[in-house]
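The structure presented is a predicted model; accordingly, all values stated were derived computationally and were not measured. Residue numbers begin at 1 in each chain, while the letters A, B, ... track the order of the sequences.
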Protein chains: 2
Amino acid sequence: MKLAEARQQFVQSWGVLGSQWGINRTMAQVHALLLTAPGALCTDDIMEQLKISRGNANMNLRELINWSIVDRVIIAGDRKEYFQAEKDIWKVATRIMYQRKKRELDPMLKVLAALELVEGDKRNPDIKAFTETVGSIRKFAAQADKSMDTLIKAEENWFVNQFMKLMK
Amino acid sequence: MKLAEARQQFVQSWGVLGSQWGINRTMAQVHALLLTAPGALCTDDIMEQLKISRGNANMNLRELINWSIVDRVIIAGDRKEYFQAEKDIWKVATRIMYQRKKRELDPMLKVLAALELVEGDKRNPDIKAFTETVGSIRKFAAQADKSMDTLIKAEENWFVNQFMKLMK
DNA sequence: CTGAATTTTCAATAAAAAATGAAAATTATT
DNA sequence: AATAATTTTCATTTTTTATTGAAAATTCAG
């Protein structure tokens with residue numbers, strides 16, 4: 001397979017994977033394009049290569065920057081902004097984890113904690129079923145939350161280092 | 001908060017969370033309803049409580065059964081089918097993991113392996129950038145794949161047991 | 001076997017999400 | 001300050017995804 005074709009297929013697949021995980025397909029494709037680019041790209045490069053509008057390119061680039069997995073880059077003597085992706089895949093993973101945790105898991109934990117305080121007699125089987133399920137989900141989510149914090153923070157963590165060694 | 005209200009809020013929140021992760025909102029809501037029900041429910045219960053059509057209820061129930069997180073249940077002397085959710089949250093998590101791994105991660109791994117075989121001179125910076133990025137993503141994904149297998153399989157696994165103890 | 005109850009399918013419709021593109025805003029250059 | 005280049009916004013349109021509901025298929029009881 002030629003490089004251009006391989007790159008296109010990566011962009012395509014990354015887009016599909018993203019959309020299956022609730023990430024805008026185009027955002028994932030822009031990310032894929034930047035990940036596999038040897039250098040930084042400008043908005044026009046992205047518009048051209050993905051055949052998308054300026055507005056669309058702009059919005060998705062901004063979102064990738066919000067997620068801290070793409071940076072704006074200044075190129076001397078050029079008025080345009082350029083963009084480049086973080087290529088350390090471990091950093092990419094932890095940053096995505098951090099964003100999703102913050103936006104989704106943390107709010108869900110708050111809700112679950114509140115729901116455990118439901119009124120009524122715990123011997124009522126309906127209430128029992130409810131609080132037991134919600135309680136176990138909350139405990140599970142809280143553990144996941146803690147584990148993610150560990151992964152996100154610790155570059156010096158033993159487990160993480162072992163994991164990273166395997167990746168070279 | 002009263003039970004009915006709490007339950008409704010759980011259904012609502014679970015639906016939102018699901019849709020953020022690429023799972024049909026209604027499917028997540030049906031799951032939430034069954035998770036917090038004291039017993040099994042039939043299609044009509046679900047239609048009524050979620051205000052959805054029979055076709056919709058049927059499709060989403062089937063999908064939950066495909067995922068092995070909801071079971072069909074026979075109630076003696078009743079012609080209707082009933083449904084109940086697996087309530088062991090660890091089992092639910094590993095089964096969802098298994099399905100998503102199989103449907104999404106495994107195919108992606110195949111694609112990535114193929115893309116690493118791109119033609120051309122490795123000293124070409126474009127090819128170098130591409131294969132390095134794709135290679136590191138593939139290694140990362142392969143490690144995630146292995147880790148998930150461990151979690152999914154091993155009830156006897158030390159790490160998993162530690163994790164589960166914390167959850168009671 | 002018959003027919004009533006129940007489940008499943010799927011073409012048509014509705015709802016939700018994403019993309020466009022041109023106008024407005026911002027930024028840099030002379 | 002004027003203007004040219006670039007970026008951002010957002011109302012409108014398009015595309016994608018989900019839902020409906022009635023017909024067809026299936027299942028079961030007598």
Taking [X] for the side chain and [Y] for the main chain, is one N or O donor matched with an acceptor at less than 3.5 Å?
{"X": "A/Thr133", "Y": "B/Thr36", "answer": "no"}
{"X": "A/Thr94", "Y": "A/Lys91", "answer": "yes"}
{"X": "B/Glu86", "Y": "B/Val70", "answer": "no"}

[X] side-chain proximity, nearest of [options]:
{"X": "B/Asn60", "options": "D/dT6, C/dT8, D/dT19", "value": "D/dT19"}
{"X": "A/Arg62", "options": "D/dT7, C/dC10, D/dT9", "value": "D/dT9"}
{"X": "A/Thr43", "options": "C/dT8, D/dT7, C/dT6", "value": "D/dT7"}

- Item | Heavy-atom side-chain proximity of A/Tyr82 to A/Leu34 below 4.5 angstrom |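 Of all side-chain heavy-atom pairs linking A/Leu34 with A/Tyr82, none is under 4.5 Å.
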
- Which comes earlier along DNA chain C counting from the 5' end, the contact point of A/Ala57 or that of B/Tyr82, where each point is its nearest nucleotide?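 Taking each residue's closest nucleotide, the earlier one in sequence belongs to B/Tyr82.
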
- Query: Checking side chain to side chain contact (heavy atoms under 4.5 Å, CB included) for the pair B/Leu112/A/Phe10: CA distance, chi angles, key distance, verdict?
  - Reply: CA-CA 8 Å; B/Leu112 291 171; A/Phe10 178 69; 3.8 Å; yes

- For A/Asp44, salt bridge (charged side-chain N to carboxylate O under 4.0 Å, His left out) partners two or more places apart: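 Result, salt bridge (charged side-chain N to carboxylate O under 4.0 Å, His left out) vs A/Asp44: A/Arg54.
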
- Message: Contact list please: residues 14-30 of chain B against DNA chain D, heavy atoms, distance less than 4.0 Å, in numerical order.
- Response: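 B/Asn24, B/Thr26 - these, ordered by number, are the residues of the stretch whose heavy atoms sit under 4.0 Å from the strand.
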
- Query: In B/S/- notation, 5' to 3', how is nucleotides 21-30 of chain C contacted by protein heavy atoms closer than 4.0 Å?
  - Reply: B-----BBS-

- Without hydrogens or angle criteria, can the side chains of B/Gln99 and B/Arg103 be said to hold a donor-acceptor pair below 3.5 Å?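 On atom types as modelled, these side chains qualify, holding a pair under 3.5 Å.
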
- When rounded to the nearest 0.5 angstrom, what distance separates CZ in A/Arg72 from CZ in A/Phe83?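 Result: 5.5 Å between the selected atoms.
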
